[in-house]
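This report concerns only the one structure given below.
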Amino acid sequence: MNALYSLLFVFLLVLIPLFGVDAAHMKTIFGVCIPITAFIIFLLGFIYKVVNWGRSAVPFRIPTTGGQFKSFDPVLFKQNKYDCPQTGAQTFVRMVLEVFAFRSLFRNTEASLHETKGGPVVAYKSSKWLWLFAITFHYSFFIIALRHLRLFLEPVPFFVNGLEFVDGLLQIGAPTMYLADIGLVAGVLLLLGRRMINPRVNYISYVSDYFPLFLILAIALSGVYMRYFAMVDVIAIKELTMGLVTFNYHIPETIDVSFFVHVFLVSVLMVYFPFSKLMHLPGVFLSPTRNMPNDTRAKHHVNPWNDPNIKAHSYADYEKHFGPAMAEAGLPLDNPENAGAEEKA
Amino acid sequence: MKMHYGAPIIVGLVIFVGALCAPFVVGMAVTKTYKQPELKMPANEKECVESKEFMREKHMQLLNDWRDWALRDGKRIYTNHAGKEFTISLQNTCMKCHISKADFCDKCHTDAGVSPYCWDCHIQPEGLK
């Protein structure tokens, strides 16, 4: 049901620009006003969320580790530097691997139940599918986003041209098929399929899980449709997009409606982004379980959010304070003298 | 409540927002105003193989079809929608009218950030690269 609602909602979203541009001729609204507003909402929402996270308390060192801590015998038990980082540099490497290679997903395991003569047995095995789908999806998305710079920069910088060349390396058809287009559509479909087919994942999936996937699928398909099927006038579109970045708005007449559908869907994504699970983009950098060195046994950490007016109360002081009451209740005392502490005082 | 790990978070935010806004800065400082490239049109011809709109948007598809028809089906004559016949050839048909690659094809392609690989083998009107 959740998947169906999301799909229907995305269909509705596609209809809005179709009617708005084709029937109502609101090209300026769909070509300039909506994307600019969406971009501003995206930026402000993004900053607001990240600053809000930055202001919340992180009282403890809570890195999650997956390897051997630095031990008394480094020959016998070698420290696992990047799964149990203990210095800033090691943590940095861990973060780089996490962000660029999705290392923690690579360690994903799958539990299964097996009937044996001695009763049921649980088995765990490495499961790399999620990692594969995710990395295909994210890198394709990133490459496609970068390639779009050809529409927003003049002159087109060298790395965008280089990317265009590498992405079209197979030189299939004209316009050349881009590998990242295939990667993105395949990646989304696989992630969607996983959610719908795997019963355990399906059970915990909400509209907020399906909707971004369907939305991104719709964006990808509208882009593919524009480039390979409708073959929109790229030069006219560049005139529009360059108008946006030079604040000199102009909408050429020849642009196909599929472009406005594409832009509207991207605008929806930008508005939705700061308020959704997609905020894992900055979130991965701000995860205290990832970005802190695991050095609690080497260094003394004081909670920076502690109220300085509340002084520490050591056990020795505590026993002095409550000694008589503890003795009366028959509790053991480290220092038997404390039992009569109050009478003396 | 103060931001205890504020410095790296703010630096990260500034980099991210800066990267997203860079096209606006480049647009204002370098490009200023963008105009569609001016193409050098054939002097003594009035019409292209197909309509102007079709050529602007779908010339790559046409070329792709031409290539397949000529080399796979052995069909070397193309009849356009008006019934006029053209020899299927990139160098001898397109480039006979569009006598300069640099002032015509490349103008658009540089702006669109594409570099068709056709000229790895085909010879452009200006001669070999």
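Note that the coordinates shown come from a computational prediction; the quantities given were computed from them, not determined experimentally.
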Could you list the donor-acceptor pairs under 3.5 angstrom formed by side chains in residues 23-35 of chain B, with sequence neighbours left out?
residue	atom	partner	partner atom	Å
B:T31	OG1	A:E154	O	2.8
B:K32	NZ	B:A29	O	3.2
B:Y34	OH	B:D111	OD2	2.6

List the atom pairs, donor and acceptor, that lie under 3.5 Å between side-chain atoms in residues 40-48 of chain B and the rest of the protein, sequence neighbours left out.
none

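Distance check: B:D120 CG to A:Q171 CD gives 7.0 Å after rounding to the nearest 0.5 Å. From A:N303, atom CG reaches atom NE2 of B:H4 across 8.5 Å, with rounding to the nearest 0.5 Å. Within the model, atoms CD1 of A:I172 and CG of B:N64 stand 11.0 Å from one another, a figure rounded to the nearest 0.5 Å. Considering NZ of B:K52 and OG1 of A:T254, their distance stands at 9.5 Å, rounded to 0.5 Å. The line from CG of B:L20 to CZ of A:F39 is 5.0 Å long, rounded to the nearest 0.5 Å. For the atom pair A:I235 CD1 and B:Q36 CD, the distance stands at 7.0 Å (nearest 0.5 Å).
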May I have the step-by-step check of side chain to side chain contact (heavy atoms under 4.5 Å, CB included) for A:L281 and B:F16, ending in yes or no? CA-CA 11 Å; A:L281 162 63; B:F16 181 74; 4.1 Å; yes

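Around CZ of A:F165, the count of heavy atoms belonging to other residues, nucleotides or ligands within 6.0 Å does not exceed 12. The environment of B:Y117 atom OH is dense: over 12 non-hydrogen atoms of other residues, nucleotides or ligands sit within 6.0 angstrom. Atom CD1 of A:I62 is surrounded by more than 12 heavy atoms from other residues, nucleotides or ligands within 6.0 Å. At most 12 non-hydrogen atoms from other residues, nucleotides or ligands lie less than 6.0 angstrom from CZ of A:F142. Other residues, nucleotides and ligands place no more than 12 heavy atoms under 6.0 Å from the OH atom of A:Y48. Enclosure of atom NE2 in A:H138 by more than 12 non-hydrogen atoms of other residues, nucleotides or ligands within 6.0 angstrom is indicated. Counting non-hydrogen atoms of other residues, nucleotides and ligands closer than 6.0 Å to CZ of A:F141 gives a total of 12 or fewer. At most 12 non-hydrogen atoms from other residues, nucleotides or ligands lie less than 6.0 angstrom from CZ of A:F100.
Residues B:M60 and A:P175 approach most closely at CG-CD, 3.7 Å, considering heavy atoms. Closest of all the heavy-atom pairs between B:C21 and A:L43 is SG-CD1, 3.8 Å. What you find for B:S115 and A:E164 is that their closest heavy atoms are N-OE1, 4.1 Å. Nearest approach of A:M231 to B:E57, heavy atoms of both residues: O-CB, 3.1 Å. The heavy-atom pair separating A:V156 from B:T110 by the smallest distance is CG2-O, 3.6 Å.
Neither the backbone nor the side chain of A:V160 has a heavy atom closer than 4.5 Å to any heavy atom of chain B. Only the side chain of A:L149 comes within contact range of chain B, judged by heavy atoms closer than 4.5 Å. For chain B, the nearby parts of A:A236 are the backbone and the side chain; heavy atoms of each come within less than 4.5 Å. Of the two parts of B:L13, only the side chain, counted from C-beta on, holds a non-hydrogen atom closer than 4.5 Å to a non-hydrogen atom of chain A. The contact between A:F42 and chain B is made entirely by side chain atoms (from C-beta outward), counting heavy-atom distances below 4.5 Å.
Ranking A:V50, A:N248, A:L286, A:V51 against chain B, the residue ahead of the rest is A:V50, based on heavy-atom pairs under 4.5 Å. Counting heavy-atom pairs closer than 4.5 Å to chain B, the top-ranked of the candidates A:K238, A:R150, A:R147 is A:K238.
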